[in-house]
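Below you'll find the structure, written out as structure tokens, and then a few comments.
Order of listing sets the numbers, starting from 1, for every ligand and every atom in it. The residues of the chain are indexed from 1 along the displayed sequence. Since this is a predicted model, take the numbers as computed values, not measurements.
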Amino acid sequence: MLVTGGLGFVGSHVCVALAEAGYDIVALDNLANARLSVLARLREIAGRRISFVRADVRDGRALAQVFRRRPVAAVLHFAGLKAVHESVAQPLEYYDTNVGGTLTLLRAMRQHDVRRLVFSSSCTVYGAPESLPLTETHPLRPANPYGRTKMIAEGLIADCAAAWPELKYALLRYFNPVGAHPSGRIGEDPLGVPNNLFPYIAQVAVGRRAKLNVWGGDYDTQDGTGVRDYIHVMDLAAGHVAALARLESQPESFTVNLGTGRGYSVLEVVKTFERVCGRPIPYEIRERRAGDLAQSWADATLAERLLGWRARYGLEDMCRDAWRWQSLNPDGYPERPVSAAETRRRRSRRRS
Ligand code: WQD
């Protein structure tokens with residue numbers, strides 16, 4: 001299996017699940033939003049060798065080299081940028097990486113006859129819900145560049161498969177991935193100030209942030225704060241293994257939501273996290289964040305019917321595993337220890 005973005009938050013957890021399912025893995029990552037120190041932890045947890053290629057998914061030559069070096073049965077494509085608010089400020093970077101990367105990958109897959117693809121898509125393709133829960137047939141009206149890049153990438157994949165019928169694919173539309181592997185050895189470690197709720201709360205709990213800003217307390221929800229379908233990253237990883245198994249057994253393409261079918265408000269998450277970590281999470285209700293939806297949660301019945309998969313973990317499990325990861329790694333992943341050879345090379349460069 002080739003896992004692009006394999007050292008990222010979701011990609012790394014899927015690598016563990018794939019290894020446990022007995023697959024051999026090549027993780028490809030450009031380390032723009034991941035640290036190399038994840039690799040050693042992956043190998044520790046997975047208990048088997050995971051090959052690593054440091055490359056950008058937009059580098060066609062690097063992809064061709066991977067496909068030439070060994071037979072690749074399928075690609076799981078996570079490599080991409082995923083911060084909704086950042087996409088508004090940097091649309092070209094998002095289109096280049098998320099759309100350009102998918103285009104380059106499809107071209108390389110076609111050239112090397114790699115016929116199975118699992119794509120990391122997103123519920124943001126739906127935009128503001130016309131009705132809830134969100135089903136896969138809901139109109140696609142993404143409201144930001146991030147969501148539009150995911151919708152366009154889905155279209156690229158579908159059009160490529162129409163022209164090359166041997167290509168079979170799974171489009172997995174994630175809701176809000178949170179939590180961490182129960183070992184606490186891998187988890188969510190955003191660079192800089194976290195955009196997302198869970199890592200921000202975890203950093204408040206561990207003392208790295210003073211308080212949580214709750215963006216909006218006047219939504220039309222039970223407590224006025226935003227409601228989302230949080231899904232444990234281990235449930236998400238199991239969904240990928242199930243999707244791959246279906247592509248192997250019944251070669252037809254499909255699109256499914258990966259969510260729990262249940263929404264939780266910001267304040268419900270705060271209260272649950274406090275109970276789990278045994279510490280107060282100070283917060284302040286602030287103005288709404290531009291682009292935020294009031295409510296979003298999945299109709300997850302199609303994934304259950306097609307994949308025999310459903311989310312098993314609840315909010316308490318998500319908070320418990322997110323807290324274990326954060327409390328064991330207060331500053332996130334360490335920078336990769338610099339090898340002696342690298343140290344010598346850096347010294348000689350400084351002298352020259
Ligand atoms: C959740 C709720 C905020 C931070 C995410 C990912 C995106 C996509 C969809 C997969 C909202 C509130 C947040 C904070 C807060 N997933 N919040 N204070 O916006 O639903 O988007 O899911 O593709 O990648 O970004 O998630 O965690 O940012 O926000 O009050 O400091 O928490 O207003 O109601 P969102 P989020």
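- If you look at Phe78 and His240, their ring centroids are closer than 6.0 Å.
- Residue Leu81 shares its hydrophobic cluster (ILVMFWY side chains chained together at separations under 4.5 Å) with Val84, Tyr94, Tyr146.
- Listed as neighbours of ligand 1 are Lys82, Ser122, Thr124, Tyr146, Phe175, Asn176, Asn195, Asn196, Leu197, Leu212, Asn213, Val214, Trp215, Gly226, Arg228, Tyr230, Val266, Arg289, Asp292, each bearing a heavy atom under 4.0 Å from the ligand.
- Residues satisfying the ring-ring contact (aromatic ring centres under 6.0 Å, His included) test with Trp325, not counting sequence neighbours, are Tyr333.
- Judged as a side chain to side chain contact (heavy atoms under 4.5 Å, CB included), and not counting sequence neighbours, the contacts of Arg115 are Asp113, Trp164, Glu166.
- In this structure the side chain of Phe67 never reaches within 4.5 angstrom of the side chain of Gln111, judged on heavy atoms.
- Judged by the 6.0 Å and 45° rule, Arg288 forms a cation-pi pair with Tyr219.
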